[in-house]
Amino acid sequence: MTAAQHLRLGVNIDHVATIRNARGGLHPDPVRAARLAVAAGADGITAHLREDRRHIRDDDMARLKAEIDKPLNFEMAATDDMIAIALRTRPHAACLVPERRAERTTEGGLDVAGQRGLIEAAVRALGSAGIRVSLFIAADPKQIEAARAVGAPVIEIHTGAWCEALIEGKDQAAAQEFDRIRKGAALAKSLGLEVHAGHGLDYAAAQTISALPEIVELNIGHFLIGEAVFVGLDNAIRTMRAAMDRGRRDAKAA
Ligand code: PXP
């Protein structure tokens, strides 16, 4: 096993904007949540500017870039419009995600293997502006190899199917999904890719996946914003950080 690197926590603040947009107006402000997340220990802020602008809006993204002093991870579809906005915003990183059904593989995630030309052009356009590009893909060897082939430096493994199986108590399916993630992370690292993971993670799932030494960043949103209703955002993020640290420490000790 390779030595485990520091495991970064990227906090996704999209659903603060979802709540704001439910009533219009300015409250709650996702940029204020981002500031609080950084103070609570987030290593970066993730926000998804969707084509339908259902949560984060263009001015949120601009303010996040201007007002937050930690890396901004701009989640986006690989469209010309989004690439133009990302090039203007100059985030630290951009994570290319599927937004339309046609772009989804059966396992979820971006179908890089099926649309290499499009993804390669997006990776090149963003990468040449100094933006670190990650591709949100299933832990499928075909997609991981395609990510490498199109020149992406980073992949983010889609953990949604695993987390769903965990929540539904489908132990066998969960074990199979976790095995896929474990092998996918190892394959990606062996190909020279940096490995992130996210989608659907709660405290328990984050602790478990933190044991995988190849993974260097988790991006977590929905659960943290939901927990914040009960315990506050600061508390939820600190508890998540502790769960991740426990997962890494226990794995090292094993
Ligand atoms: N990573 C990516 C690429 C995503 O699209 C999302 C959801 O926006 C997340 C991580 C976070 O997922 P969740 O909100 O379920 O924690």
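Atoms within a ligand are numbered from 1 in the order they appear, just like the ligands themselves.
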Distance filter under 4.0 Å to [X] heavy atoms, resulting ligand 1 atoms:
{"X": "N12", "answer": "8 (O)"}
{"X": "V97", "answer": "3 (C)"}
{"X": "I220", "answer": "16 (O)"}

Please state which protein non-hydrogen atom is closest to [atom] and give its distance, to 0.1 Å?
{"atom": "atom 7 (C) of ligand 1", "value": "H199 CD2, 3.8 Å"}
{"atom": "atom 14 (O) of ligand 1", "value": "H222 N, 2.8 Å"}
{"atom": "atom 11 (C) of ligand 1", "value": "N219 O, 3.8 Å"}
{"atom": "atom 15 (O) of ligand 1", "value": "G200 N, 2.8 Å"}
{"atom": "atom 16 (O) of ligand 1", "value": "G221 N, 2.8 Å"}

**Message:** Check this for me, if you would: do R238 and D234 make a salt bridge, where the nitrogen-to-carboxylate-oxygen distance has to be below 4.0 angstrom?
**Reply:** yes
**Asked** Is the shortest side-chain N to carboxylate O distance from R241 to D43 below 4.0 Å?
**Response** yes
**Request:** Please report the C-alpha distance between H158 and Q143 in whole Å, then the side-chain angles of each, then the deciding distance to 0.1 Å, and finally whether the side chain to side chain donor-acceptor pair (under 3.5 Å) criterion is met.
**Result:** CA-CA 12 Å; H158 195 313; Q143 299 297 345; over 6 Å; no
**Asked** Is there at least one pair of N or O atoms, one from F136 and one from ligand 1, spaced under 3.5 Å apart?
**Response** no
**Prompt:** Looking only at non-hydrogen atoms, which of E75, H55, E217 approaches atom 5 (O) of ligand 1 most closely?
**Reply:** E75
**Message:** Once rounded to the nearest 0.5 Å, what's the spacing between atom CE of M61 and atom OG1 of T89?
**Reply:** 7.0 Å
**E217/N219 under side chain to side chain donor-acceptor pair (under 3.5 Å): CA gap, chis, key distance, verdict** = CA-CA 7 Å; E217 180 173 308; N219 283 300; 3.1 Å; yes
**Item:** Audit row: L49, M76, side chain to side chain contact (heavy atoms under 4.5 Å, CB included) steps and yes/no
**Value:** CA-CA 6 Å; L49 187 65; M76 53 182 269; 5.8 Å; no
**Item:** Proximity to ligand 1 by part of E156, non-hydrogen separation under 4.0 Å
**Value:** side chain
**Asked** Of the options E164, E177, H199, which is the one that meets T159 in a side chain to side chain contact (heavy atoms under 4.5 Å, CB included)?
**Response** H199
**Message:** Can you confirm whether R57 is buried at CZ, in the sense that more than 12 heavy atoms of other residues, nucleotides or ligands lie under 6.0 Å from that atom?
**Reply:** yes
